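Take a look at the structure below.
Given the structure is predicted, the values throughout are model-derived calculations rather than measurements. By convention here, the first residue in the shown sequence is residue 1.
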Amino acid sequence: QVQLVESGGRSVQAGGSLRLSCAASGDTSNANCMGWFRQAAGKEREGVAVIYISSRSTYTADSVNGRFTITHDIAKNTVYLQMNNLKPEDTAMYYCAAQYYVEERNCRPLRLPMFPNRGQGTQVTVSL
């Protein structure tokens with residue numbers, strides 16, 4: 001099993017930037033697809049960005065494309081989400097999630113909320 005611990009969430013003004021971190025431990029060999037999903041109050045979970053570790057290929061949701069970037073540090077077993085030009089609609093609890101896929105084509109943001117391994121979340125609040 002993989003343990004995931006998020007950090008970096010806080011309150012920020014619109015237009016600002018944040019970097020979220022997700023440290024993975026345990027059986028990380030079962031986590032070759034890692035990413036972030038979010039859930040705003042009263043809304044459904046939304047997959048934001050994923051990275052397929054072996055190829056370093058990344059995929060982001062249309063809602064954040066061009067503003068959010070996902071990266072992975074192999075040495076630290078940590079996934080990062082760099083969020084730029086934040087908007088009030090980005091306000092949500094952000095969760096890190098991990099899954100193992102044999103085929104990279106299955107590693108997509110849409111699947112993130114269903115991943116069995118997830119952290120406790122970190123809150124991001126964007127104000128005007």
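Nearest heavy atom pair, residue Ile70 against residue Val50, reads CG2-O, 3.5 Å. Residues Tyr52 and Cys33 come closest through the heavy atom pair CD1-CB, 4.3 Å. Summarising the geometry of Asn85 relative to Asp90, their closest heavy-atom pair is O-OD2, 4.4 Å, with the distance given to 0.1 Å. Counting all heavy atoms, side chain and backbone alike, Thr78 lies closest to Ser21 at CG2-CB, 4.2 Å. Scanning all heavy atoms of the two residues, the minimum distance from Ser63 to Glu46 falls at OG-OE2, 2.7 Å. The heavy-atom pair separating Ala31 from Ala98 by the smallest distance is CB-CB, 3.7 Å.
Using cut-offs of 30° and 60° for the angle between ring planes, the Phe68 and Tyr94 rings count as tilted.
Hydrophobic clustering, with ILVMFWY side chains joined whenever heavy atoms are under 4.5 angstrom apart, keeps Leu4 apart from Phe37. Hydrophobic clustering, with ILVMFWY side chains joined whenever heavy atoms are under 4.5 angstrom apart, groups Leu20 together with Val12. Under the 4.5 Å side-chain heavy-atom criterion for grouping Ile, Leu, Val, Met, Phe, Trp and Tyr, Tyr95 is not connected to Val2 through any hydrophobic cluster.
At distances below 3.5 Å, at least one donor-acceptor pair connects side-chain atoms of Thr91 with backbone N or O atoms of Val126. Between the Arg118 side chain and the Pro113 main chain, a donor and an acceptor come within less than 3.5 Å of each other.
Side-chain atoms of Asp73 and Thr71, non-hydrogen and from C-beta on, never get closer than 4.5 Å to each other.
Distance check: Gln3 CD to Asp27 CG gives 9.0 Å after rounding to the nearest 0.5 Å. Between atom CZ of residue Arg19 and atom OG of residue Ser7 there is a gap of 9.0 Å, rounded to the nearest 0.5 Å. Rounding to the nearest 0.5 angstrom, the gap separating the CE atom in Met34 from the CG atom in Leu112 is 10.5 Å. To the nearest 0.5 angstrom, Tyr101 atom OH is 9.5 Å from Asn32 atom CG. From Asn117, atom CG reaches atom CG of Asn30 across 7.5 Å, with rounding to the nearest 0.5 Å. Note that the OH atom of Tyr100 and the CZ atom of Phe115 stand 13.5 Å from one another [nearest 0.5 Å].
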* **Leu18/Arg10 under side-chain contact (heavy atoms from CB on, under 4.5 Å): CA gap, chis, key distance, verdict** => CA-CA 8 Å; Leu18 281 177; Arg10 63 178 176 87; 3.3 Å; yes
* Passes side-chain contact (heavy atoms from CB on, under 4.5 Å), Glu6 versus Leu81? Steps please. -> CA-CA 10 Å; Glu6 305 97 332; Leu81 184 68; over 6 Å; no
* Taking it one step at a time, do Val64 and Arg38 satisfy side-chain contact (heavy atoms from CB on, under 4.5 Å)? -> CA-CA 12 Å; Val64 303; Arg38 65 187 181 184; 4.0 Å; yes
* So Val124 and Met83, side-chain contact (heavy atoms from CB on, under 4.5 Å) or not? Walk me through it. -> CA-CA 10 Å; Val124 173; Met83 306 186 293; 3.9 Å; yes
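Using a 3.5 Å distance cut-off with no hydrogens or angles, the side chains of Thr60 and Asn65 do pair a donor with an acceptor.
A cation-pi arrangement is present between Arg108 and Tyr59 under the rule of less than 6.0 angstrom and at most 45 degrees off the ring axis.
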